[in-house]
Amino acid sequence: MMDVSSFTPTYQAVNSSNSTGSPDCKPEDLGTFIPIFLSLIFSAGFILNIVSLWIFWFCIKKWSAGMILQFNLALADAAITPAAPFIIANFSLLHWPFGDFLCQLKVFLLSTNMYGSIYFLVLISIHRYVVVVHCTKKTIFKEARFMKLTCAGVWIILFVQGFPFFFVLRTTQVDNSTQCLSFHQDELLTLYFVWNTTILFTGYIIPFVASVTFYTLLASFIIKLNPNQLKSQNMKTKSIQMIVMSLAIFIICFLPVHVSRTVGITLKFFHPEQCHALSVVELAYYRCLALSSTNCCLDPFLYFFSSKKFKRSISNAMCFMRCWNKQ
């Protein structure tokens with residue numbers, strides 16, 4: 001989801017009470033599609049993640065290392081829930097009426113949601129590679145205790161990564177409206193340009209390359225498995241489903257938003273006078289941002305494909321509901 005790197009001001013020196021350093025560039029009218037789309041996605045994602053968390057917590061008694069990773073991925077997806085109504089309202093009203101603190105909290109939760117999902121997806125790809133390719137070896141990546149410590153480390157990283165937003169982020173007046181996380185806010189450009197470049201590599205490119213590497217190694221291994229063995233067929237099917245779903249989430253949900261955001265902040269940094277180009281990129285960015293929110297709906301399918309316990313719990317729950325309705 002959206003993060004502070006889109007908070008991209010021009011490099012002209014401006015007074016903090018000044019509305020903008022480039023008065024000819026005005027915020028783009030985003031229309032009604034984005035808030036409607038986000039309302040549907042957040043509603044579906046909320047239901048899917050509540051069901052997923054309920055299954056993890058109440059239906060699965062013994063968690064493996066992989067199950068721990070999936071549960072934490074579901075928590076990262078659920079992190080966006082408190083911010084969802086404010087995000088939808090912001091896109092609908094085209095301004096931010098909720099004050100500085102809620103703006104900062106929204107960006108903190110958005111950052112936690114997006115990069116938490118990315119980091120846990122990378123760990124899932126590494127874990128899947130180790131479990132399948134090195135199935136006979138005893139490694140710490142298969143131990144539940146190690147995975148709990150690893151997940152705790154990821155949450156600490158997410159907190160350290162997002163906590164500065166409460167100190168550096170603020171709302172400003174742009175074109176007679178209050179803006180939170182807008183391309184047209186004009187303070188701290190150098191800081192955010194550096195931040196965007198850093199998070200682009202550490203938060204997306206490096207994790208994506210790592211996932212592609214481990215899934216490529218995994219794919220090359222399962223291709224060589226004996227197709228006549230049922231166990232090999234099941235392992236191959238499950239692994240292929242995981243590979244396709246994980247890479248689809250990386251490419252569909254996270255690639256467009258990172259590319260459009262980087263183009264936008266670079267354009268704002270070097271050519272703030274290019275209002276028409278900025279307007280085109282701004283609209284593309286917010287559409288990509290809405291698209292990135294679909295990850296909270298796609299991740300539950302990853303749990304379904306990768307875990308027999310999760311799939312069995314879903315089947316048992318549906319059977320229970322059918323029996324209940326008959327009564």
Side-chain angles (χ1 to χ4, degrees), residues 1-5 45 48-50 52-53 55-57 60 63-83 104-131 139-166 195-196 198-215 218 242-243 245-247 249-251 253-255 257-258 292-293 295-303 306-307 310:
M1 298 291 294
M2 181 168 48
D3 53 83
V4 75
S5 56
L48 288 171
N49 282 292
I50 287 296
S52 298
L53 290 171
I55 289 174
F56 281 128
W57 195 256
I60 301 176
W63 288 7
S64 63
M67 196 70 64
I68 292 170
L69 287 175
Q70 293 167 22
F71 175 76
N72 280 271
L73 177 59
L75 284 180
D77 288 338
I80 196 61
T81 301
Q104 296 158 354
L105 179 63
K106 179 195 77 169
V107 177
F108 174 81
L109 293 174
L110 287 167
S111 175
T112 300
N113 167 253
M114 177 177 287
Y115 295 106
S117 296
I118 290 174
Y119 297 152
F120 286 120
L121 283 171
V122 173
L123 289 174
I124 287 172
S125 70
I126 298 173
H127 175 264
R128 186 64 187 171
Y129 166 79
V130 171
V131 167
T139 67
I140 57 175
F141 242 85
K142 299 179 184 179
E143 297 178 4
R145 182 175 180 275
F146 172 78
M147 203 55 66
K148 290 178 182 178
L149 293 174
T150 302
C151 291
V154 171
W155 286 108
I156 292 173
I157 291 172
L158 291 171
F159 180 81
V160 171
Q161 182 176 293
F163 190 67
F165 298 151
F166 289 100
W195 190 93
N196 176 69
T198 303
I199 201 65
L200 175 65
F201 281 92
T202 61
Y204 182 75
I205 293 178
I206 294 175
F208 179 61
V209 170
S211 288
V212 170
T213 301
F214 281 101
Y215 278 137
L218 175 60
M242 283 192 65
I243 292 170
M245 183 57 63
S246 296
L247 295 183
I249 293 171
F250 264 105
I251 294 171
C253 298
F254 300 132
L255 178 61
V257 70
H258 280 86
S292 71
S293 65
N295 81 291
C296 65
C297 297
L298 295 178
D299 286 337
F301 291 96
L302 188 66
Y303 317 144
S306 62
S307 173
F310 190 89

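Because only heavy atoms are used, hydrogens play no part in the values below, and waters and symmetry mates are left out as well, while side chains stay in.
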What closest approach, in Å, do [X] and [Y] show between heavy atoms, and which atom pair accounts for it?
X: L247; Y: F208; result: CD2-CE1, 4.5 Å
X: I124; Y: L302; result: CD1-CD2, 4.2 Å
X: P207; Y: Y119; result: CG-CE2, 4.3 Å
X: T112; Y: A79; result: CG2-CB, 4.2 Å
X: S117; Y: D299; result: OG-OD2, 4.2 Å
X: A76; Y: F120; result: CB-CD1, 4.3 Å

From [X] [atom1] over to [Y] [atom2], what is the distance, rounded to the nearest 0.5 angstrom?
X: N49; Y: T81; atom1: CG; atom2: OG1; result: 6.5 Å
X: I157; Y: T202; atom1: CD1; atom2: OG1; result: 9.5 Å
X: S292; Y: I249; atom1: OG; atom2: CD1; result: 12.5 Å
X: I80; Y: S293; atom1: CD1; atom2: OG; result: 8.5 Å
X: L123; Y: R128; atom1: CG; atom2: CZ; result: 15.5 Å
X: Q161; Y: T198; atom1: CD; atom2: OG1; result: 10.5 Å

- Query: Is it true that atom NZ of K142 has more than 12 heavy atoms of other residues, nucleotides or ligands lying nearer than 6.0 Å?
  - Reply: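 Correct, the count exceeds 12.
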- Query: More than 12 heavy atoms of other residues, nucleotides or ligands under 6.0 Å from CZ of F301: is that the case?
  - Reply: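 No - once you tally the heavy atoms of other residues, nucleotides and ligands closer than 6.0 Å, there are 12 at most.
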- Query: For the ring pair F146 and F141, is the centre-to-centre distance below 6.0 Å?
  - Reply: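 F146 vs F141: aromatic centres under 6.0 Å.
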- Verify the ring-centre separation between W195 and F165: is it less than 6.0 angstrom?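 Here the rings of W195 and F165 have centres that are less than 6.0 Å from each other.
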- Which residues satisfy the side-chain contact (heavy atoms from CB on, under 4.5 Å) test with F214, sequence neighbours excluded?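 Checked F214 against side-chain contact (heavy atoms from CB on, under 4.5 Å); matches are S125, I126, Y129.
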Is it true that a side-chain atom of [X] and a backbone atom of [Y] form a donor plus acceptor pair closer than 3.5 Å?
X: W57; Y: S52; answer: no
X: H258; Y: F254; answer: yes
X: Y215; Y: A210; answer: no
X: D77; Y: N113; answer: no

Quick check: do [X] and [Y] have side-chain heavy atoms less than 4.5 Å from each other?
X: F166; Y: L105; answer: yes
X: S111; Y: F108; answer: no
X: C151; Y: L69; answer: yes
X: I199; Y: Y115; answer: yes
X: M114; Y: V257; answer: yes

- Task: Using the six-membered ring wherever Trp is involved, compare the ring planes of F56 and F71 and label them parallel, tilted or perpendicular (cut-offs 30° and 60°).
- Result: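 Ring orientation of F56 relative to F71: perpendicular.
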- Item | Derivation and outcome, side chain to side chain contact (heavy atoms under 4.5 Å, CB included), residues M147 and H127 | CA-CA 10 Å; M147 203 55 66; H127 175 264; 4.2 Å; yes
